[in-house]
2 protein chains.
Amino acid sequence: MTDADQKSPGRPRSAKSHQAMLKATLDLLAEVGFATMSIEAIAARAGVGKTTIYRRYSSKEELVADAIESIREEVLLPDAGSLWADIDALIENAAQITLTPLGRQSVAMIIGSATSHPTFAQIYWTKYLEPRRQTFAAVIDRAKARDEVASDLDPGLVFDAMSGIMLYATIFPPAAETWQDYVRRALELILAPPSR
Amino acid sequence: MTDADQKSPGRPRSAKSHQAMLKATLDLLAEVGFATMSIEAIAARAGVGKTTIYRRYSSKEELVADAIESIREEVLLPDAGSLWADIDALIENAAQITLTPLGRQSVAMIIGSATSHPTFAQIYWTKYLEPRRQTFAAVIDRAKARDEVASDLDPGLVFDAMSGIMLYATIFPPAAETWQDYVRRALELILAPPSR
DNA sequence: AATTTACGATACCGTACCGTATCGAAATAG
DNA sequence: CTATTTCGATACGGTACGGTATCGTAAATT
């Protein structure tokens with residue numbers, strides 16, 4: 001869509017306003033959650049007229065979906081030389097994204113609307129999980145080449161299990177341990193112990 | 001509280017109405033979710049005056065918390081003779097409770113309010129997870145006695161991992177597999193392969 | 001310059017709830 | 001029977017928000 005502002009004669013839509021409303025949407029999502037936030041509040045915080053929002057989106061779902069989609073994070077592909085060094089990097093990266101109000105509220109929203117509005121779950125899958133699943137498979141492949149794990153290990157299943165544990169640890173934080181350490185320990189259970 | 005209806009002279013509170021409002025609360029929670037449901041709607045569905053609700057609860061949180069707490073399910077302790085037979089029973093039991101609108105919405109609510117209102121997470125932990133965690137430990141203990149798993153296996157961690165996978169599979173249902181089969185496969189990853 | 005479209009602001013009207021109050025009826029204790 | 005408390009119902013004022021319309025202004029095309 002690089003040629004978005006073509007043809008039509010009139011004043012073009014303000015990219016600035018558009019960005020402001022996306023930002024306000026994410027902020028409010030993190031602060032009060034999906035159900036509680038109103039279009040009016042978003043408009044007010046973004047310093048934007050309600051009209052301007054309604055002109056682009058016809059529902060809160062649409063707006064929020066687009067706002068979440070607008071977050072572009074690079075998926076890192078660690079290559080630290082050993083499986084567990086790579087995994088630690090992945091865990092740390094996941095922690096930084098997940099352990100925030102925005103992360104929590106997003107997950108809550110996704111689950112709550114998983115049946116009625118599968119949109120959010122799809123976005124989360126496509127934009128967040130799927131790429132990381134690919135990355136993880138690459139990491140496991142290298143580990144297989146180094147004989148660090150069994151050659152018939154199913155990377156997808158391991159990734160899902162890891163994601164599940166992360167989700168669980170986000171809701172019920174471990175008491176005596178870091179989130180990261182806890183996730184790692186669970187993963188050791190799956191992948192057999194690390195070097196020593 | 002067996003002596004609840006004592007002393008006071010006037011008309012006692014109706015247990016029937018109380019049950020009706022708890023039922024209506026759970027129904028609506030399953031249908032529309034926590035944030036969307038109103039006290040008025042609960043009263044209407046229960047065939048009860050709003051006053052009757054406000055006399056007992058001062059907030060929606062209180063009401064919902066009590067409604068969820070009122071669900072009494074027996075935690076089953078399977079003893080089918082082998083580890084995997086026991087596990088299959090546990091998985092099936094979890095599936096029946098989790099894979100329902102009420103289960104999904106409860107989880108969503110718990111996560112969404114995990115930081116602001118830890119009440120729900122605590123209830124879920126105390127009433128649901130903790131008992132099952134105990135049960136699971138017993139199952140693992142028996143498996144250890146039968147030499148089916150390593151003697152130093154941490155049952156709590158395995159349980160948490162399993163719960164995490166169940167949670168994950170609830171949000172992102174496996175495409176080519178049953179929820180139960182999928183969870184089982186992940187668990188095999190952790191506990192080493194079953195007999196054959 | 002004329003036209004077209006978007007902008008922020010504001011004013012609406014309608015609806016849904018909240019939480020309280022009030023009512024007459026019903027249920028209990030003394 | 002009397003006092004007390006709860007019951008469902010209804011009414012009420014207040015707030016918040018949805019979604020549309022309107023207005024004068026700004027930014028673009030031709």
Side-chain angles (χ1 to χ4, degrees), chain A residues 1-25 27-29 31-67 105 109 113 116-117, chain B residues 1-25 27-29 31-67 109 112-113 116-117:
Chain A
M1 290 243 218
T2 45
D3 53 357
D5 48 350
Q6 301 281 11
K7 294 212 168 178
S8 1
R11 171 177 178 174
R13 294 195 174 170
S14 162
K16 198 170 184 174
S17 297
H18 199 213
Q19 262 197 291
M21 56 194 264
L22 292 181
K23 170 88 160 60
T25 301
D27 286 352
L28 279 174
L29 176 58
E31 284 177 29
V32 305
F34 177 76
T36 310
M37 81 185 164
S38 66
I39 302 276
E40 288 206 346
I42 296 170
R45 175 171 302 213
V48 155
K50 270 200 290 183
T51 319
T52 309
I53 293 182
Y54 280 113
R55 190 175 292 117
R56 298 161 207 246
Y57 305 99
S58 57
S59 71
K60 198 165 64 171
E61 280 81 4
E62 262 186 42
L63 169 56
V64 172
D66 197 46
Q105 289 293 353
M109 191 184 57
S113 54
S116 49
H117 300 281
Chain B
M1 287 249 219
T2 45
D3 53 357
D5 47 350
Q6 300 281 9
K7 293 208 169 178
S8 359
R11 172 177 177 172
R13 294 197 174 168
S14 160
K16 195 170 185 176
S17 297
H18 198 208
Q19 260 198 291
M21 58 194 265
L22 292 182
K23 170 85 160 62
T25 302
D27 286 353
L28 278 174
L29 176 59
E31 283 177 29
V32 304
F34 177 77
T36 309
M37 81 184 162
S38 66
I39 302 277
E40 288 205 346
I42 295 170
R45 175 172 302 215
V48 155
K50 270 200 290 183
T51 320
T52 310
I53 293 181
Y54 279 114
R55 192 175 290 121
R56 296 160 210 246
Y57 304 98
S58 58
S59 71
K60 199 166 63 171
E61 280 80 6
E62 262 185 43
L63 169 56
V64 172
D66 197 46
M109 190 184 58
S113 55
S116 50
H117 300 282

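- The CG atom of L63(B) lies 5.0 Å from the CD1 atom of I42(B); values are rounded to the nearest 0.5 Å.
- To the nearest 0.5 angstrom, D27(B) atom CG is 10.5 Å from M37(B) atom CE.
- When rounded to the nearest whole Å, the span between CD of E40(A) and C1' of dG14(C) equals 13 Å.
- Between Y54(A) and I39(A) the shortest side-chain heavy-atom distance falls below 4.5 Å.
- Between T25(A) and K60(A), every side-chain heavy-atom pair lies at or beyond the 4.5 Å cut-off.
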Between the protein and nucleotides 6-8 of chain C, which nitrogen or oxygen pairs are less than 3.5 angstrom apart?
residue: dA6(C); atom: O4'; partner: R11(A); partner atom: O; Å: 3.1
residue: dA6(C); atom: N3; partner: R11(A); partner atom: NH1; Å: 3.4
residue: dC7(C); atom: OP1; partner: S14(A); partner atom: N; Å: 3.0
residue: dC7(C); atom: OP1; partner: R56(A); partner atom: NH2; Å: 2.0
residue: dC7(C); atom: OP2; partner: R55(A); partner atom: NH1; Å: 2.6
residue: dC7(C); atom: OP2; partner: R56(A); partner atom: NH2; Å: 3.3
residue: dG8(C); atom: OP1; partner: S17(A); partner atom: OG; Å: 2.7
residue: dG8(C); atom: OP2; partner: T52(A); partner atom: OG1; Å: 2.4

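- When distances are taken from the side chain of I39(B) to each of dT5(D), dC18(C), dA11(C), the shortest belongs to dC18(C).
- To the nearest angstrom, C1' of dT20(C) lies 15 Å from CD1 of I53(B).
- At whole-Å resolution of the value, CD in E61(B) and P in dC18(C) are 11 Å apart.
- Counting heavy atoms from C-beta outward, R45(A) and E31(A) have side chains that approach closer than 4.5 Å.
- Between the C1' atom of dG19(D) and the OH atom of Y57(A) lies a distance of 18 Å, rounded to the nearest Å.
- The base of dG8(D) is not paired with the side chain of K50(B) by any donor and acceptor separated by under 3.5 Å.
- Side-chain contact between H18(B) and D66(B) is present, with at least one heavy-atom pair separated by less than 4.5 Å.
- Computed from coordinates, the K16(B) NZ to dT6(D) C1' distance equals 15 Å when rounded to whole Å.
- In this structure, OH of Y54(B) is placed 18 Å from P of dT6(D), rounded to the nearest angstrom.
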